[in-house]
Amino acid sequence: MTLLIIFLVLLLGASIYVIYNLYKKYDELEKIAQENVAFILSVRSRVLSQQSYLKQLDRKGAFESDDEVGYFFKELKKIINDIAFYLEMETDEEETSEPQDIRGKIQRF
């Protein structure tokens with residue numbers, strides 16, 4: 001009987017240790033995920049503002065008509081449009097889904 005109690009106490013101690021370590025790791029990952037979400041939102045706003053700036057800059061098509069500058073401008077415009085399209089798709093997915101806390105966003109990373 002005493003041996004059983006000692007075994008159960010040791011098992012309980014090991015379980016508490018494992019749970020505590022897992023909680024520390026989870027807490028650290030949650031902080032990292034929050035930082036990543038903030039970074040992605042920052043990049044999203046910068047890309048979308050640059051996209052509107054490029055549209056405003058080339059209203060008359062002056063940059064696209066020049067050979068060297070036009071090639072660079074077209075490629076830059078494609079890159080920004082691709083990134084903006086990707087970011088808008090993610091925004092649409094987030095708006096259509098139910099509100100989630102940070103745990104839902106961690107799974108996507």
Side-chain angles (χ1 to χ4, degrees):
M1 183 68 165
T2 312
L3 197 58
L4 180 64
I5 293 174
I6 292 173
F7 175 73
L8 291 176
V9 168
L10 290 175
L11 186 64
L12 179 65
S15 298
I16 289 173
Y17 177 75
V18 168
I19 290 171
Y20 177 73
N21 280 333
L22 287 175
Y23 177 74
K24 282 189 347 186
K25 290 177 184 179
Y26 170 78
D27 194 38
E28 184 178 330
L29 286 175
E30 188 174 17
K31 288 177 186 175
I32 291 171
Q34 288 174 349
E35 291 171 3
N36 287 342
V37 167
F39 174 74
I40 289 172
L41 291 176
S42 169
V43 168
R44 177 185 179 272
S45 67
R46 289 179 63 191
V47 166
L48 293 178
S49 70
Q50 291 302 315
Q51 182 186 26
S52 65
Y53 180 70
L54 280 177
K55 286 180 184 177
Q56 178 188 8
L57 194 62
D58 197 40
R59 286 183 303 234
K60 298 177 184 175
F63 287 110
E64 289 186 9
S65 63
D66 189 12
D67 288 339
E68 293 176 12
V69 175
Y71 175 76
F72 175 74
F73 186 79
K74 285 179 186 177
E75 291 301 313
L76 184 63
K77 198 172 179 181
K78 284 181 191 177
I79 290 169
I80 289 179
N81 286 336
D82 290 344
I83 293 172
F85 179 74
Y86 174 74
L87 293 174
E88 287 172 1
M89 280 182 18
E90 280 199 357
T91 304
D92 291 343
E93 289 175 3
E94 289 175 3
E95 289 175 357
T96 57
S97 66
E98 295 179 8
Q100 297 177 350
D101 60 356
I102 193 68
R103 289 176 204 89
K105 294 180 182 180
I106 290 174
Q107 294 173 352
R108 290 186 24 213
F109 289 112

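- Leu10 belongs to a hydrophobic cluster with Ile6, counting contacts under 4.5 Å between side-chain heavy atoms of Ile, Leu, Val, Met, Phe, Trp and Tyr, direct or through other members.
- The neighbour count for Leu8 CG, taken as heavy atoms of other residues, nucleotides or ligands under 6.0 Å away, is above 12.
- Under the 4.5 Å side-chain heavy-atom criterion for Ile, Leu, Val, Met, Phe, Trp and Tyr, Ile19 and Leu11 are members of distinct hydrophobic clusters.
- Clustering of Ile, Leu, Val, Met, Phe, Trp and Tyr side chains at separations under 4.5 Å leaves Met1 isolated, with no partner residue.
- Side-chain contacts under 4.5 Å among hydrophobic residues (ILVMFWY), followed directly or transitively, place Ile16 together with Leu12.
- We find the CD-OH distance between Glu30 and Tyr23 to be 8.0 Å, quoted to the nearest 0.5 Å.
- Lys78 meets the salt bridge (charged side-chain N to carboxylate O under 4.0 Å, His left out) test with Glu75; sequence neighbours excluded.
- With sequence neighbours excluded, the residues that form a side chain to side chain donor-acceptor pair (under 3.5 Å) with Tyr17 are Asn21.
- For Asn81, the side chain to side chain donor-acceptor pair (under 3.5 Å) criterion is met by Gln51, not counting sequence neighbours.
- Shown are Lys25, Lys24, Lys31; of these, the side chain to side chain contact (heavy atoms under 4.5 Å, CB included) with Asp27 is made only by Lys31.
- Chaining together hydrophobic side chains whose heavy atoms lie under 4.5 Å apart places Leu22 alongside Val18.
- Residues Leu48 and Ile40 are members of separate hydrophobic clusters, defined by side-chain heavy-atom contacts under 4.5 angstrom among Ile, Leu, Val, Met, Phe, Trp and Tyr.
- Remark: Gln56 pairs with Tyr53, Arg59 by the side-chain contact (heavy atoms from CB on, under 4.5 Å) rule, at least two apart or across chains.
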